[in-house]
Amino acid sequence: MSKIPAVARRMAHIQPFYVMDLLARARALEAQGRSIIHMEIGEPDFITPAPIIEAGQRALSAGHTHYTPALGLPALRQGIAASYQLDYGIAVEPSRVLVTPGSSGALQLVMSVLINPGDAVLMADPGYPCNRHFVRLVEGIPISVPVGSGTGYQLTADLVGRAWTPQTRAVLVASPSNPTGTLLSAKALREIYQIVKARGGVLIVDEIYQGLIYDGEGCSALSIADDIFVINSFSKFYGMTGWRLGWVVAPPGYVEPMDRLAQNIFLAASTLSQHAALEAFSDEVAAILEERRREYRQRRDYLLPALQSLGFDIPVVPGGAFYLYAGSRRLTPDSFKFAQSLLNEAGVAVTPGRDFGDHKPEQHIRFAYTTCLANLAEGVERIKCFLSQ
Ligand SMILES: Cc1ncc(COP(=O)(O)O)c(C=O)c1O
């Protein structure tokens with residue numbers, strides 16, 4: 001028998017993504033020749049826009065293969081800061097922008113400089129599963145606050161106030177959210193900020209899906225105050241998941257400790273990716289991304305009523321990201337088993353609620369519309385047949 005290696009106690013709190021098993025099973029079925037419709041994948045099906053790829057190729061040819069400053073290429077920090085002016089009319093000092101290895105790197109830095117052992121961080125359940133692990137990694141306590149359709153699957157100032165304890169140090173929200181695609185209004189965000197501030201805490205806002213908004217205008221928390229941590233990434237909107245590049249706009253006083261920590265744990269984000277991303281703010285790329293945003297919107301507008309007609313409950317129209325978080329209670333008592341059977345019998349891969357928290361996970365399924373309309377239609381047809389058996 002092989003010996004189980006001794007790992008640190010904190011690892012007991014780090015859970016895997018259940019969807020990875022499902023994805024592995026889907027790939028195995030594909031290897032056997034089965035056709036699988038993928039609605040479980042949380043990344044764009046589009047490849048990185050060509051001008052960004054070409055900029056990366058040029059950077060390699062020019063020999064840009066050394067470290068950059070830990071905070072990132074000055075020109076990229078400037079480009080990111082300028083994008084807030086362009087998109088939202090907000091003036092952001094480039095000195096507050098830290099370029100990181102994905103927004104995952106940003107989340108790790110933020111938690112590390114904010115959270116002492118035993119400090120609590122409030123977050124919505126369902127929510128992005130890694131968040132609680134970033135908190136655990138620094139010996140903090142993630143507090144999952146159950147949210148439902150009544151609040152658009154988002155925290156509210158009232159929920160934050162009620163969940164607050166003397167241990168609470170920070171609140172983390174995402175708008176639009178993964179897995180629900182729902183947004184916080186500017187008003188709701190401001191109210192959350194005000195209560196967090198009044199209690200002496202810090203607000204962290206994950207805006208990684210901000211470019212992907214289908215109804216109305218986006219809104220950055222930077223329009224509210226400059227003592228909010230705002231996380232973002234080139235992964236989703238810019239279609240650069242594999243380049244591992246994100247950023248955080250930090251309150252001025254935090255830049256120095258975050259720089260010090262980034263020097264130690266990352267040295268810097270990928271140089272190649274940073275040079276490529278310089279092109280991300282060009283007009284040419286903006287036109288490509290706008291085209292893609294329209295396509296995602298069409299997909300959402302097709303898939304939402306199609307799933308509802310099959311018996312899934314989607315009480316809140318998600319205004320952004322590329323996810324639908326569907327209630328499956330009328331179709332199955334166990335969304336995890338349902339997802340497994342759907343994959344094995346109908347060849348449709350979806351993510352069961354279990355990946356996103358403990359609040360009614362067995363009653364929910366996340367559908368990602370990160371595949372073309374024709375595939376979505378085929379997926380819906382297959383689910384229909386599966387349900388009628
Ligand atoms: C809400 C949210 N935040 C952060 C991330 C991390 O993304 P990345 O590290 O690629 O920027 C993801 C990825 O799925 C996400 O959904």
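The shown structure was predicted, so the numbers you read here are calculated from the model rather than taken from an experiment. Both ligands and their constituent atoms are indexed starting at 1 by order of listing. One-based numbering along the sequence shown.
- Every pair passing salt bridge (Lys or Arg N to Asp or Glu O under 4.0 Å) that includes a residue from residues 196-211 is listed here, sequence neighbours excluded: Lys197-Asp227.
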Tabulating one pair per line, provide the atom names and distances (0.1 Å) for every N/O atom of ligand 1 that is less than 3.5 Å from a protein N/O atom.
from	atom 1	to	atom 2	distance (Å)
ligand 1	3 (N)	Asp206	OD2	2.6
ligand 1	7 (O)	Ser103	OG	3.3
ligand 1	9 (O)	Ser103	N	3.3
ligand 1	9 (O)	Ser104	N	3.0
ligand 1	9 (O)	Ser104	OG	2.5
ligand 1	9 (O)	Arg244	NH2	2.8
ligand 1	10 (O)	Ser235	OG	2.6
ligand 1	10 (O)	Arg244	NH1	2.8
ligand 1	11 (O)	Ser103	N	2.8
ligand 1	11 (O)	Ser103	OG	2.8
ligand 1	11 (O)	Ser233	OG	2.7
ligand 1	11 (O)	Ser235	OG	3.3
ligand 1	14 (O)	Lys236	NZ	2.6
ligand 1	16 (O)	Asn178	ND2	2.9
ligand 1	16 (O)	Tyr209	OH	2.7

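- Ring orientation note: the planes of Trp247 and Phe281 are nearly perpendicular, at an angle over 60° on the 30°/60° scale.
- Through direct or relayed side-chain contacts under 4.5 Å between Ile, Leu, Val, Met, Phe, Trp and Tyr, Ile213 connects to Leu183.
- The aromatic rings of His364 and Tyr325 lie parallel to each other, with less than 30° between the two planes, well short of the 60° mark.
- Looking at Gln263 and Asp259, their side chains do bring a donor and an acceptor atom within 3.5 Å of each other.
- For the ring pair (Phe, Tyr, Trp, His ring centres under 6.0 Å) test, no residue two or more places apart in sequence or in another chain qualifies with Phe134.
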